[in-house]
Amino acid sequence: LERAMANEGVEHIRSLENAKKAWDHILDMYDGNIQIQRSKKSIIQRQVNNFLMKDGELPEDMFRRLRALVVDMRDCGFKDCDEDWVKEKFLQALIPYNEHMVMNVQSRADFLDLSPSDVLGVFITMNTMKKSSEDTIARANGMKKASLALQATSQEETSDDDASTY
């Protein structure tokens, strides 16, 4: 065990009588005793229960936070955090911010076959398409307003010309 450990950890086990005692000491030192493990698990459970997308957070940033939380869950012995759970938790966290996109993703015929990364990719694509569409509509509305402004200016000039002939 001493050879497998970093130098700073060796002094903690050097005086122990056998490998079993050394191993138990290492587990206690790094994982904590039962009470500490329960506390860690409880904290992570609260994080899972309260997991939502933060204001101004991008879906990909929230996805990274979720993946980090899943690693912590597995380290604490959670068993129910498979890929389907990640996908559902990701979508659940997005509902308050974009319910329609979540419904569109869940209604896809291939939804059950999508991995969590695939779902993220769909969201990124849909957000990009939405932004592009909004930009196109804004440009079109801007051109209409400019055209109407030109028509109004043209009509004013025409009526000024008509008024000066009288």
What residues, two or more places apart in sequence or in another chain, satisfy side-chain hydrogen bond (donor to acceptor under 3.5 Å, both in side chains) together with Asn127?
none
Just by distance, do the side chain of Asp118 and the backbone of Ser115 share a donor-acceptor pair under 3.5 Å?
yes
Hey, does the side chain of Asn18 reach the backbone of Lys21 with a donor-acceptor pair shorter than 3.5 angstrom?
yes
Any salt bridge linking Glu83 with Arg67? Criterion: basic side-chain nitrogen under 4.0 Å from a carboxylate oxygen.
yes
Salt-bridge test for Arg139 and Asp135: reply yes if a basic N is under 4.0 Å from a carboxylate O, no otherwise.
no
Pair Val70-Trp85, side-chain contact (heavy atoms from CB on, under 4.5 Å): steps then yes or no
CA-CA 10 Å; Val70 167; Trp85 182 89; 3.8 Å; yes
Value rounded to 0.5 Å, distance of [atom1] in [X] from [atom2] in [Y]:
X	Y	atom1	atom2	result
Gln47	Met73	CD	CE	10.0 Å
Met53	Asp61	CE	CG	8.0 Å
Lys89	Leu94	NZ	CG	11.5 Å
Lys130	Met101	NZ	CE	5.0 Å

Within 45° cone of Phe111 ring axis and under 6.0 Å: Lys87 NZ or CZ
yes
Would you list the pairs meeting ring pair (Phe, Tyr, Trp, His ring centres under 6.0 Å) in which at least one residue belongs to residues 42-84, sequence neighbours left out?
Phe63-Phe90
